[in-house]
Amino acid sequence: METVSLFLLVFVLGLRHGLDADHLAFIDGQTRYNWRMGSPFARWVGTLFSFGHGGMVALTAGILGMVIKNFSFPAYFDNFASWVSIISLFLIGTLNTYNLLRTKNNKEEFQLSGLKGKFIPKVAKGTTNPFLIILVGALFALAAETVSQTAVWSMAASNSGKYTPLFLGLVFMFGMMITDTIDSMIVYKMVNQSSKIGQAASRLMGWMIVFLSYGVSFYLAFTFFNPWAELDFEIVGIILFIFLVTSFIFISFRSKRQIHEINTTN
């Protein structure tokens with residue numbers, strides 16, 4: 001029963017990890033670029049990215065589970081990883097707030113911005129090569145918070161079987177692929193609309209990401225100093241996943257209504 005609960009937890013962690021603001025920013029930019037270039041992979045950018053990211057996580061989990069026994073990262077490493085996440089999310093929220101306000105005043109096209117994406121070589125920022133997108137996803141998995149999180153459940157499962165951590169990594173990847181695929185579908189749907197409607201939907205999604213970034217950042221900071229307020233991580237992950245699906249439905253409905261209004265006016 002404990003093993004089943006662990007698999008369920010890791011699946012939910014994968015769903016939630018797919019909502020990482022850096023993931024969403026990279027997928028947003030690459031989906032738009034592939035759409036402009038007429039690439040058949042445009043709507044599957046999120047799937048490709050999470051396949052690379054999740055594959056690296058699964059590989060890391062498998063190695064940790066088979067090679068390292070009775071090991072845990074020191075407390076300061078977990079604290080460091082936590083504050084990297086807190087500060088990164090706050091900066092992403094601030095950066096996108098600034099871009100939303102700037103593009104509105106200058107009447108420019110808004111595009112989500114992340115932090116990890118700024119360290120990616122220029123050739124990989126605008127590519128229609130699916131293998132490069134997979135590779136970037138794998139590189140994103142080397143971040144401190146991802147390695148720390150992977151190590152925790154890898155060690156927890158190491159006594160359940162030699163290959164259990166690897167299978168957990170694959171479950172994590174599956175959960176993340178669901179979320180990131182939905183995200184790229186949302187972006188693809190937005191850019192397929194007329195420029196005015198697509199931009200309105202993009203800006204709405206941008207504000208949702210700002211809300212998500214600030215919300216998770218403040219939550220992590222508050223629970224760091226007040227552990228008693230920490231919610232069950234499975235519940236948090238499910239809530240965030242529902243938030244994404246709800247956003248997709250809301251944006252789709254709003255876009256259809258705007259198209260209907262335009263057609264009625266004409």
Side-chain angles (χ1 to χ4, degrees), residues 14-15 17-56 92 95-96 99-100 103 108-141 173-210 212 241 243-259 262:
L15 289 176
H17 193 74
L19 284 167
D20 185 281
D22 273 311
H23 289 211
L24 300 181
F26 178 81
I27 292 169
D28 181 275
Q30 284 296 312
T31 301
R32 292 172 188 275
Y33 179 83
N34 277 261
W35 178 80
R36 287 195 299 268
M37 300 300 292
S39 169
F41 300 107
R43 69 178 69 195
W44 305 110
V45 167
T47 310
L48 294 169
F49 174 86
S50 53
F51 177 74
H53 191 88
M56 180 60 74
I92 289 170
L95 178 62
N96 283 289
N99 285 338
L100 281 162
T103 53
E108 298 175 1
E109 181 181 359
F110 168 74
Q111 188 170 319
L112 281 174
S113 298
L115 295 180
K116 294 174 187 174
K118 296 187 180 300
F119 299 99
I120 299 172
K122 194 171 182 179
V123 66
K125 289 184 179 180
T127 179
T128 57
N129 187 326
F131 296 106
L132 266 180
I133 296 173
I134 292 172
L135 176 61
V136 171
L139 292 176
F140 269 50
M173 178 177 72
F174 179 65
M176 184 168 48
M177 288 179 76
I178 292 174
T179 304
D180 285 345
T181 298
I182 292 175
D183 178 50
S184 60
M185 292 289 185
I186 292 174
V187 178
Y188 184 81
K189 187 175 183 64
M190 288 190 299
V191 297
N192 257 331
Q193 307 292 346
S194 67
S195 58
K196 187 175 181 180
I197 295 174
Q199 262 304 295
S202 293
R203 295 185 66 81
L204 179 61
M205 194 64 186
W207 283 115
M208 289 180 174
I209 297 304
V210 167
L212 182 67
F241 179 70
F243 174 81
L244 175 68
V245 175
T246 304
S247 299
F248 176 70
I249 296 171
F250 178 73
I251 290 171
S252 298
F253 176 77
R254 187 180 177 88
S255 297
K256 287 179 181 178
R257 190 174 68 177
Q258 288 178 327
I259 292 172
I262 291 173

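If you're wondering where the values come from, they're calculated on a predicted model, not measured in any experiment.
- For S184 against R43, the heavy-atom pair with the smallest separation is OG-O, 3.0 Å.
- In this structure I134 satisfies the side chain to side chain contact (heavy atoms under 4.5 Å, CB included) test together with L48, F51, sequence neighbours excluded.
- With rounding to the nearest 0.5 Å, the separation of CE in M176 from OG1 in T181 is 10.0 Å.
- With sequence neighbours excluded, the residues that form a side chain to side chain contact (heavy atoms under 4.5 Å, CB included) with T128 are Y33, N34, M37, S39.
- Considering OG1 of T179 and NE2 of H17, their distance stands at 10.5 Å, rounded to 0.5 Å.
- Annotation: side chain of T127 is in contact with side chain of Q30 (closest heavy-atom distance under 4.5 Å).
- A pairwise comparison of heavy atoms in A42 and W35 identifies CB-N, 3.7 Å as the closest pair.
- Distance check, rounded to the nearest 0.5 Å: CD1 of I27 to CD1 of I186 gives 10.0 Å.
- I133 contributes atom CD1, which lies 15.5 Å from atom NE2 of H53 (distance to the nearest 0.5 angstrom).
- The CG atom of L132 lies 13.0 Å from the CZ atom of F49; values are rounded to the nearest 0.5 Å.
- One finds the CG atom of D180 at 6.5 Å from the NE2 atom of H23 (value rounded to the nearest 0.5 Å).
- Taking the six-membered ring for Trp and thresholds of 30 and 60 degrees, F26 and F140 have ring planes inclined between 30 and 60 degrees apart.
- Side chain of D28 to main chain of L24: no donor-acceptor pair is present (N/O by atom type, distance under 3.5 Å, no hydrogens or angles).
- Y188 is not listed as a side-chain neighbour of R32, based on a closest heavy-atom distance of 4.5 Å or more.
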